[in-house]
A.B. asks: 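One structure coming up, written as structure tokens, with questions to follow.
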Amino acid sequence: MSRDFGSDFLWGAATAAYQIEGATTEGGRGASIWDTFSATPGKVLDGHTGAVAADHYHRMPADVALMRDLGLAAYRFSVAWPRIQPTGSGPALAAGLDFYSRLVDELLGAGIEPVLTLYHWDLPQALEDAGGWPARDTALRFGEYAALVVDALGDRVLRWTTLNEPWCSAFLGYASGVHAPGRTEPAGALAAAHHLNLAHGLAGRAVRDGLGDRGLLSLTLNLHVVRPASQAPGDLDAARRIDAVANRIFLEPVLDGTYPADLLADTAAVTDWSFVHDGDLEVTHTGLDVLGVNYYSSQEVRAARPGEPRSMDDGHGASTSSPWVGSPDVEFLPRSGPLTAMGWNIDPSGMTELLVGLHHRYPELPLMITENGAAFDDEVSPDGRVHDPRRIAYVHDHVAAVGDAMEAGADVRGYLLWSLMDNFEWAYGYHRRFGIIRIDYDTLERTWKDSAYWYRALISTGRLPSPTDPGVVPD
Ligand code: IFM
């Protein structure tokens, strides 16, 4: 018997503005840090940028029709802040709001629930020029921006996510510098993390003020499943440190109204945390109606062995500056087993472990998988189809792992696959394909991969098909 997820379970797919929209100079849109970063030689593989991406800005109605054909019940997208406020402050631009308003109307017309993310990494460049996320003012501006979007779309959108993966914004953006804006300032990265938490709180207030009990407030985190290489005290401490600076640095201010004491101790040599002002933790402590969980792979860490070469296979790109602020002696062990095109290991048990762990720590908290999926080097076959059995197997095994967590008590409300379509994969440009729909970047043609037919079969029944079940494929 295949597993039945029930009729209330929300099946969908996810994307993000800069990764698919293109049209970066249209509708009055201002520049974002990713426009600047990707235009800087050496920052993105082969100099790729989001200028055209999947051209979703111009093809939106057809893309929503495609989602309807897939049978999606929900679609997670992000709003590009610089389309709404080109310089990150001031009144909303009508053209920007209009694009997302039309998207929401198309989705609702197709029977698809919009799941809106306010920030998926495209900070207006003008705000970066004024200090970026290490500057407190950026959080205040984000609260204002959130209120503008809530005001325009809150009559139709009920599911609001403030931030996507603030760990990446803070630590890849400001510590290792492999993401925009590419700064390498460990103390600034910790300040950025706090200001992102504050921004979440301010935007959360805007959502609650605008929608009251109708709205569902969420935050999406890329929580790290970090296992110690052994039970030796040093290795256990390595895992604890990474858990603090990757996971608890966001979970606790939002769900408990505190910062972890061990995190403050681990990072005391880097900063005194004086950027946390009186009253801030009341703002960050919003509680959540649902926590968004992004999970792709797991990691193994240990205390660095003096005199031995140090491995830093953390899956977040090479840099001479570590994203692991306050943890200079932690080593990330090389990954084993079949890897995805990102070099990430495939570990569905990590999904179950993560969800069950969250359930034990926060028993009342509903969870939603807001991203899970895999990049592989897909090819178009001579038959014109894209056969991607490894992606199907990956999604199959991870959805099963979600089911295992639910059986163990975790309150998981839905699964949003990353990604609906191939897109701009940040520092890797278009060289990594996560979509279940293939994008031909020369013609911008959309082609269903085998995984799209398979996922449609899953959605239409709410039951997990065998990974070898092709679904209903047209001749
Ligand atoms: O493409 C990204 C997405 O923007 C954020 N989460 C991880 C995905 C795959 O790397």
Side-chain angles (χ1 to χ4, degrees), residues 12-22 32-34 37-38 44-45 48-50 53-54 56 75-81 115-123 161-173 176 178-180 196 218-225 246-247 250 291-299 313-318 323 335 339-347 350-351 354 368-378 390-391 394-395 398 415-439 451:
T15 64
Y18 191 73
Q19 295 182 269
I20 64 164
E21 285 180 2
S32 81
I33 55 175
W34 271 97
F37 189 75
S38 61
V44 173
L45 210 52
H48 291 171
T49 76
H56 170 73
Y75 172 56
R76 174 174 182 247
F77 63 95
S78 76
V79 174
W81 187 351
V115 180
L116 184 153
T117 300
L118 283 162
Y119 185 73
H120 198 126
W121 306 355
D122 38 9
L123 183 71
T161 303
T162 53
L163 307 172
N164 178 73
E165 301 184 355
W167 183 84
C168 296
S169 301
F171 294 100
L172 300 184
S176 71
V178 299
H179 278 189
L196 284 152
S218 185
L219 165 70
T220 278
L221 300 177
N222 56 321
L223 296 166
H224 288 62
V225 174
N247 302 334
F250 299 107
L291 173 68
V293 176
N294 291 357
Y295 174 80
Y296 291 90
S297 73
S298 59
Q299 286 146 319
D313 183 9
D314 68 1
H316 295 298
R335 294 160 190 255
L339 306 178
T340 70
M342 295 296 284
W344 297 344
N345 58 317
I346 300 173
D347 180 9
M351 172 76 96
L354 175 59
M368 168 91 71
I369 309 306
T370 39
E371 286 183 27
N372 174 245
F376 290 108
D377 295 330
D378 307 317
R390 288 178 296 174
R391 181 173 294 102
Y394 179 99
V395 175
H398 284 77
Y415 176 93
L416 309 180
L417 190 150
W418 186 271
S419 177
L420 173 68
M421 61 180 94
D422 292 337
N423 58 52
F424 175 82
E425 178 53 29
W426 308 113
Y428 299 95
Y430 300 102
H431 290 293
R432 299 288 183 277
R433 292 178 177 273
F434 274 90
I436 56 172
I437 302 289
R438 181 182 175 85
I439 302 293
S451 54

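Counting starts at 1 for both ligands and their atoms, in listed order.
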A.B. asks: For atom 6 (N) of ligand 1, grab the closest protein heavy atom and report residue, atom and distance to one decimal in Å.
C.D. replies: E371 OE1, 2.5 Å
A.B. asks: Are side-chain N/O atoms of S38 and Y18 paired as donor and acceptor at under 3.5 Å?
C.D. replies: yes
A.B. asks: Taking only heavy atoms of H120 into account, list the atoms of ligand 1 that are under 4.0 Å away from them.
C.D. replies: 3 (C), 4 (O), 5 (C)
A.B. asks: Can you name the residues that form a side chain to side chain contact (heavy atoms under 4.5 Å, CB included) with S78, not counting sequence neighbours?
C.D. replies: A16, A17, T117, H120
A.B. asks: Applying a 4.0 Å heavy-atom criterion (strictly less than), which segment of W344 is in contact with ligand 1: side chain, backbone, both, or neither?
C.D. replies: side chain
A.B. asks: Tell me if a side-chain donor or acceptor on Q19 pairs with a main-chain N or O of F424 at a distance below 3.5 Å.
C.D. replies: yes
A.B. asks: Which of the atoms in ligand 1, numbered in the order shown and given with their element, are less than 4.0 Å from a heavy-atom of E165?
C.D. replies: 5 (C), 6 (N), 7 (C)
A.B. asks: About how many Å separate CG of L354 and NE2 of H224, when rounded to the nearest 0.5 Å?
C.D. replies: 11.0 Å
A.B. asks: Does ligand 1 come near enough to N423 that some N or O of the ligand is less than 3.5 Å from an N or O of the residue?
C.D. replies: no
A.B. asks: Regarding T370 and N294, is there a side-chain donor-to-acceptor distance under 3.5 Å anywhere?
C.D. replies: yes
A.B. asks: What orientation do H48 and Y430 show, parallel under 30°, tilted 30 to 60°, or perpendicular over 60°?
C.D. replies: tilted
A.B. asks: Identify, for atom 1 (O) of ligand 1, the protein heavy atom at the shortest distance, and state residue, atom and that distance.
C.D. replies: E425 OE1, 2.6 Å
A.B. asks: Report the part of R432 in contact with ligand 1, treating N, CA, C, O as backbone and CB onward as side chain, heavy atoms under 4.0 Å; options are side chain, backbone, both, neither.
C.D. replies: neither
